[in-house]
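Notes for the one structure printed next.
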Protein chains: 2
Amino acid sequence: MLGTVFNMIPSGENWKTQIRKGYIELCVLLLIRAHTRIYGFDLIEKLSVSELAVKEGTLYPLLSRMTTDGLLSANWEMEAVKGHPRKFYSLTRAGNRALDEMVGEFERMVRTFERLAQAEKGTK
Amino acid sequence: MLGTVFNMIPSGENWKTQIRKGYIELCVLLLIRAHTRIYGFDLIEKLSVSELAVKEGTLYPLLSRMTTDGLLSANWEMEAVKGHPRKFYSLTRAGNRALDEMVGEFERMVRTFERLAQAEKGTK
DNA sequence: GATAAAGCATAGCCATGCTAGGTACTGTGT
DNA sequence: ACACAGTACCTAGCATGGCTATGCTTTATC
């Protein structure tokens with residue numbers, strides 16, 4: 001029971017989801033570092049401005065995971081007296097190191113991609 | 001029983017696997033198109049030359065999937081009289097279209113990454 | 001006092017990469 | 001004659017992250 005949750009993604013287009021794996025984590029860490037400290041809802045806005053749409057169901061578990069893994073530190077804060085409480089995140093030292101590693105790896109991937117795409121044009 | 005298959009990947013380094021998802025498919029398609037037709041074992045060699053290590057347990061299921069999805073066409077061939085039979089793959093029309101889409105999407109991701117990484121330096 | 005919006009959270013599905021095996025054939029050394 | 005390494009392909013099962021769908025609370029608006 002519970003049945004088949006009907007699939008929104010047309011078969012053969014899974015790559016659109018798959019290729020985001022890891023990449024979203026990288027971009028989120030970049031944004032957090034750029035802002036020093038930032039909260040979830042704001043992150044979603046800033047990412048969408050960067051043409052990177054990220055759903056809440058994606059972001060919040062991601063932030064939790066990274067906090068558990070020691071990459072982020074989290075603090076509840078009240079903006080002045082009124083307003084909703086917000087959970088602010090910032091990079092730990094381990095988070096900084098991890099991000100540097102990820103940036104390096106992603107740059108390597110981009111170089112490999114460009115070499116392959118270039119080789120392709122050469123053969124055509 | 002069967003117990004916990006002991007984890008080779010240190011916790012908190014899952015991103016190294018996750019960030020490859022989709023990316024490997026993209027690179028494999030690029031290589032196949034560049035060579036017009038190519039077989040699995042050769043692909044693994046050519047990828048490793050490109051500093052992109054891909055295991056057999058990753059590549060063969062991937063090639064099968066893409067064939068099932070209609071992105072690739074596969075043909076068994078005997079090299080002359082002797083030698084082992086090899087399965088040669090090449091792009092279908094749908095495979096070509098899909099690859100073009102993936103290239104476009106990856107290039108967008110790279111631009112977004114670069115913008116975020118740049119913004120970061122600006123704030124520092 | 002109903003509705004929308006800000007803000008966080010979770011359960012469960014699914015596809016992909018990886019581990020760890022397996023098969024079959026050829027060539028080389030002893 | 002036999003072991004072994006290399007070529008070449010294949011598969012079951014696990015772990016993981018993104019997504020869908022849903023739920024909660026508080027403030028602001030009408």
Side-chain angles (χ1 to χ4, degrees), chain A residues 1-28 38-45 47 52-69 74 76-89, chain B residues 1-28 38-45 47 52-69 74 76-89:
Chain A
M1 65 202 71
L2 277 180
T4 329
V5 171
F6 54 94
N7 202 351
M8 306 303 293
I9 301 165
S11 170
E13 304 217 347
N14 304 312
W15 66 269
K16 289 186 180 177
T17 299
Q18 298 298 324
I19 206 169
R20 290 160 65 86
K21 300 207 171 172
Y23 173 76
I24 291 182
E25 183 170 347
L26 167 59
C27 290
V28 165
I38 191 171
Y39 62 98
F41 205 84
D42 197 13
L43 262 172
I44 291 176
E45 264 189 11
L47 285 168
L52 178 54
V54 175
K55 304 295 171 55
E56 302 188 22
T58 297
L59 185 69
Y60 290 119
L62 171 60
L63 292 172
S64 298
R65 266 199 317 271
M66 293 196 291
T67 306
T68 305
D69 291 347
W76 282 103
E77 278 179 46
M78 276 306 243
E79 203 88 12
V81 173
K82 50 169 62 176
H84 311 261
R86 294 162 171 174
K87 205 168 181 178
F88 279 81
Y89 293 92
Chain B
M1 70 205 72
L2 277 180
T4 329
V5 171
F6 53 97
N7 202 349
M8 305 303 295
I9 302 166
S11 171
E13 304 218 347
N14 303 313
W15 66 270
K16 290 185 180 178
T17 299
Q18 298 298 326
I19 206 170
R20 291 161 63 87
K21 299 205 172 171
Y23 173 76
I24 292 183
E25 184 170 346
L26 166 61
C27 289
V28 165
I38 190 170
Y39 63 98
F41 204 84
D42 197 14
L43 262 172
I44 292 175
E45 264 189 11
L47 286 167
L52 177 54
V54 176
K55 303 296 170 57
E56 302 189 20
T58 297
L59 185 68
Y60 290 119
L62 171 59
L63 292 172
S64 298
R65 265 198 319 268
M66 293 197 290
T67 305
T68 304
D69 291 348
W76 282 103
E77 280 178 45
M78 275 307 243
E79 201 89 12
V81 174
K82 53 168 61 179
H84 311 260
R86 293 163 172 173
K87 205 168 181 178
F88 279 81
Y89 292 92

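Below, chains carry the letters A, B, ... as their sequence lines are ordered, and counting in each starts from 1.
The NE2 atom of B:His84 sits 10 Å away from the P atom of D:dC9 (whole-angstrom rounding). One can place CD of A:Glu77 at 20 Å from P of C:dA6, the figure rounded to the nearest angstrom. In this entry the distance linking CZ of B:Arg86 with C1' of C:dA24 reads 15 Å, nearest Å. Going from atom CD1 of B:Ile19 over to atom C1' of C:dG17 covers 14 Å, rounded to whole Å. When the P atom of C:dC14 is taken as reference, atom CD of A:Glu13 falls 18 Å away, rounded to whole Å. One atom, CD of A:Gln18, and another, C1' of D:dG17, lie 8 Å apart when rounded to the nearest Å. The CD-P distance, from A:Glu25 to D:dT16, rounds to 13 Å in whole Å. The separation between A:Ile24 atom CD1 and D:dT16 atom C1' is 14 Å, rounded to whole Å.
Within a heavy-atom distance below 4.0 Å of DNA chain C, the residues of residues 54-62 of chain A found are A:Glu56, A:Gly57, A:Tyr60, A:Pro61.
Using a 4.5 Å heavy-atom threshold, the side chains of A:Ile19 and B:Glu25 count as separate. Proximity of A:Val54 to A:Leu43: side-chain heavy atoms (C-beta onward) are nowhere separated by under 4.5 Å. Looking only at side-chain heavy atoms (C-beta outward), B:Tyr60 and B:Phe41 come within less than 4.5 Å of each other.
Between B:Tyr23 and A:Glu45, the one whose closest nucleotide on DNA chain C sits nearer the 5' end is A:Glu45. Between A:Trp76 and A:Trp15, the residue whose closest nucleotide on DNA chain C is further toward the 5' end is A:Trp76.
We find the CD1-CZ distance between B:Ile38 and B:Phe88 to be 8.5 Å, quoted to the nearest 0.5 Å. Separating the CG atom in B:Leu63 from the CD atom in B:Glu56 is a distance of 11.5 Å, to the nearest 0.5 Å. Taken from CG in B:Leu52 to CD1 in B:Ile24, the straight-line distance is 6.0 Å, to the nearest 0.5 Å.
Residue A:Lys87 is classed as a sugar-phosphate contact, given heavy-atom separations below 4.0 Å to backbone atoms only.
Considering only the side chain of A:Phe41, C:dG7 comes nearest among D:dG17, C:dG7, D:dC9. Of the candidates D:dC9, C:dC18, C:dC8, the closest approach to any side-chain atom of A:Tyr39 belongs to C:dC8. Taking every side-chain heavy atom of A:Lys21 into account, D:dG18 is the closest of C:dT26, C:dC18, D:dG18. Of the listed nucleotides (C:dA15, D:dC10, D:dG18), C:dA15 has the atom at the smallest distance from the side chain of A:Asn14.
Of all the heavy atoms in B:Ala74 and B:Lys87, the pair that sits closest is CB-CE, 4.0 Å.
Close to D:dG17, at under 4.0 Å from its OP1 or OP2, lies no side-chain N or O of A:Arg20.
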